[in-house]
Amino acid sequence: MANEITNFIKVSFSVFASTCYCYAVGRIVPKGTSRLLCLLPIVGLFLYLPLHLHTIYLSGLTAFFIAWLANFKILLFAFGEGPLSSDLSISLASFVFVDCFPIRIQQKPSPRSRDSHLQDKEPKDGRKHMKYAIKVLLFAILANVPGYREYIHPQIVSFLYFLLLYVELETLFGVAAVAARVLIGLELEPPFNEPYLSTSLQDFWGRRWNLIVSSILRPAVYKPTSNLASLVVGRKWALIPAFMGTFLVSGLMHELILFYYVECDQRSPWELTCFFLLHGVCLLTEIALKKRFGGRWQLPRLVSGPLTIGFVLFTGFQLFLPSLDRCKAFEKAYVELAALMAFLGKESQRLADYLVRIPHYN
C-alpha cells in the first residue's frame, strides 16, 4: 500500500503540473487547431497516468476524473468550449479544480430570483444536510454487504451493490463540492437530482443521473454529432446518431475505466457498452412515442416512475453489475479500502509519536 500511495502522489503532481500547463497555453495560444496541438500531449499523458495505479479506488477514480472527464474538458477547452472556457477570468486554482474533479460551477442567480433564493436557502440547506446524513449512514450499512453475501439472495445482493454504487458516487461528488467551496469559494451544482424520482428515461439520463457527465457529453459528443449528422441525413433524423453516439461514447468510457484495474481474462464482453446502447435505443423509442402520440401517451407518474426505475435496475442487473461482479470489484474495493485506512492510521500514529518525542523549548 505504501508504494501505491507513493505512486498516487507522483500521479497527482503530474496532473497538477499538466493542468497548470494547460492554463498557461490557454492564456497564450488562441483557441482552435494550434491550441489543440499544444494540448494533445496532455491528453495522451492523462490516458497513461492511471496505468501507474493498481488498486480499484485509486486507479478507478483517477481514470474517471482524469482519463475521461479531464480529457474531455481539455479537448473542449482547445476550441474555447466547455467549463474551462465559461469564465475567461478564471483563476488557476479554479481552473485546476474544475479540470481535475467532477464538479460543475453553479451559475449566479438572476437579480429577480435572488430574493426568493435567499428566502429558501435555510430549509433547502437543512434538507440537503439531512439527505447527506442519511446517505452516509446508508453507505456505512451497505459497506458490510460482502461479509454477509453468502446469506443473502444473489438478486438482493445485486440490488444492494447497485444502491451502493449510487451512494458512493454521490458521496464522492459531495466531498469534491465541499472541498471546492472551502478551498476556493466555488458554489457547485449538485451532481445528482434524486434519480429515484425519475418518471422516464429522458428524465433519468437528461435531468437526474450524473449531471456532471451529462454536462460534458452534451457539448463534447452530442452537439458535434448532431451538427455533422444534420448535414448528412437532415435535422429531423440527426437526433438518432447524436443520441446513439453519446451513449456509445459513455459505454466505451466505462469500458476504459474497467480496463485500468481489471485483468484481461476478467473483462466483460462489452456488457457495459451494450447497457448504454440499449438505453440509447429505448430513449429514442420513448422520444418517438412522445412526439407521435403527445399527451395521450404520457403515463401517470405513479406508473411511469416505477417502470423507469425498474427498467434501469433490471438492465443494470443483467448487463452492468455482472461486469463488476465477475472481477469481484466490490470485494476488492473493500479489502483495499480497509488496507488504505489501516496504512493511514499507522502513519498517523507514527507522526503523533514523532511529535511527542520532539523536545519543547520555552
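Within 6.0 Å of atom CZ in Phe192, more than 12 heavy atoms from other residues, nucleotides or ligands are found, so the atom counts as buried in its surroundings.
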Start with the C-alpha gap between Ser214 and Trp205, add the side-chain angles, then the distance that decides, and say whether side-chain contact (heavy atoms from CB on, under 4.5 Å) holds.
CA-CA 8 Å; Ser214 298; Trp205 289 112; 6.0 Å; no

Evaluate the criterion side-chain contact (heavy atoms from CB on, under 4.5 Å) for residue pair Tyr48 and Leu51; output intermediate values, then yes/no.
CA-CA 6 Å; Tyr48 170 73; Leu51 294 174; 4.0 Å; yes

Is there a side-chain contact (heavy atoms from CB on, under 4.5 Å) between Phe101 and Ile212? Walk through the geometry before answering.
CA-CA 10 Å; Phe101 293 95; Ile212 306 297; over 6 Å; no

Apply side chain to side chain donor-acceptor pair (under 3.5 Å) to the pair His54 and Ser59, showing each step before the final yes or no.
CA-CA 6 Å; His54 307 288; Ser59 65; over 6 Å; no

Chi angles and distances behind the side-chain contact (heavy atoms from CB on, under 4.5 Å) call for Leu92, Phe97:
CA-CA 9 Å; Leu92 175 60; Phe97 246 92; over 6 Å; no

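The shortest distance between side-chain heavy atoms of Phe46 and Thr62 does not fall below 4.5 Å. Here the side chains of Val312 and His279 are in contact, with some heavy-atom distance below 4.5 Å. Residues Glu194 and Arg208 have side chains in contact (heavy-atom distance under 4.5 Å, counting atoms from C-beta outward). The shortest side-chain heavy-atom distance between Leu47 and Trp68 does not fall under the 4.5 Å cut-off. Counting heavy atoms from C-beta on, the side chains of Leu248 and Phe276 never come closer than 4.5 Å. Contact check for Ile216 versus Pro83: side-chain heavy atoms found under the 4.5 Å cut-off. The closest side-chain heavy-atom distance from Val281 to Met244 is below 4.5 Å. Met253 has its side chain within reach of Phe72: a pair of non-hydrogen atoms, C-beta onward, lies under 4.5 Å apart.
Arg35 contributes a side-chain N or O that, together with a main-chain N or O of Val29, makes up a donor-acceptor pair within less than 3.5 Å. Side chain of Ser215 to main chain of Leu211: a donor-acceptor pair is present (N/O by atom type, distance under 3.5 Å, no hydrogens or angles). Side-chain atoms of Lys73 do not come within 3.5 Å of backbone N or O of Leu84 as any donor-acceptor pair. In this structure a side-chain-to-backbone donor-acceptor pair under 3.5 Å is missing from Ser226 to Tyr222. In terms of modelled atom types and a separation under 3.5 Å, the side chain of Asn7 and the main chain of Leu53 share no donor-acceptor contact. Within the 3.5 Å criterion, the main-chain N or O of Thr55 finds a donor-acceptor partner in the side chain of Glu4. With hydrogens and angles ignored, the 3.5 Å screen pairs a side-chain donor or acceptor of Ser304 with a backbone N or O of Thr199. With hydrogens and angles disregarded, no donor-acceptor distance shorter than 3.5 Å links the side chain of Gln202 to the backbone of Glu286.
When hydrophobic clusters are built by joining Ile, Leu, Val, Met, Phe, Trp and Tyr residues whose side-chain heavy atoms come closer than 4.5 Å, directly or via intermediates, Phe314 is not grouped with Leu272. Transitive grouping of hydrophobic side chains (ILVMFWY, heavy atoms separated by less than 4.5 Å) keeps Leu228 and Leu284 in distinct clusters. Under the 4.5 Å side-chain heavy-atom criterion for grouping Ile, Leu, Val, Met, Phe, Trp and Tyr, Leu36 is connected to Ile42 within one hydrophobic cluster. Note on Val233: it does not cluster hydrophobically with Leu231, by side-chain heavy-atom contacts below 4.5 Å among ILVMFWY residues. Side-chain heavy atoms closer than 4.5 Å link hydrophobic residues (I, L, V, M, F, W, Y) into clusters, and following such links, even through other members, never connects Leu76 to Tyr23.
Here the straight-line distance linking atom CZ of Phe77 with atom CG of Asp99 works out to 9.0 Å at 0.5 Å rounding. Rounding to the nearest 0.5 Å gives a distance of 10.0 Å between CZ of Phe65 and CD1 of Ile257. Atom CG of Leu39 and atom CZ of Phe79 lie 9.5 Å apart (nearest 0.5 Å). Here the straight-line distance linking atom CG of Leu289 with atom OG of Ser200 works out to 12.0 Å at 0.5 Å rounding. Distance CG/Leu277 to CZ/Phe247: 9.5 Å, rounded to 0.5 Å. Here the CG-CD distance, from Leu75 to Glu81, works out to 12.5 Å after rounding to the nearest 0.5 Å.
Scanning both residues, Leu45 and Ser18, for their nearest heavy atoms gives CD2-OG, 3.2 Å. Residues Leu319 and Glu271 approach most closely at O-CB, 3.3 Å, considering heavy atoms. In plain terms, the two heavy atoms of Ala242 and Thr225 that are nearest each other are CA-CG2, 3.7 Å. Ile66 and Val15 get closest at one heavy-atom pair: CD1-CG1, 3.7 Å. Closest heavy-atom contact between Thr315 and Phe311: OG1-O, 2.8 Å. When all heavy atoms of Leu201 and Leu283 are compared, the closest pair comes out as C-CD1, 3.7 Å.
Phe204 does not carry Arg207 over the face of its six-membered ring by the limits of under 6.0 Å from the centre and within 45° of the normal.
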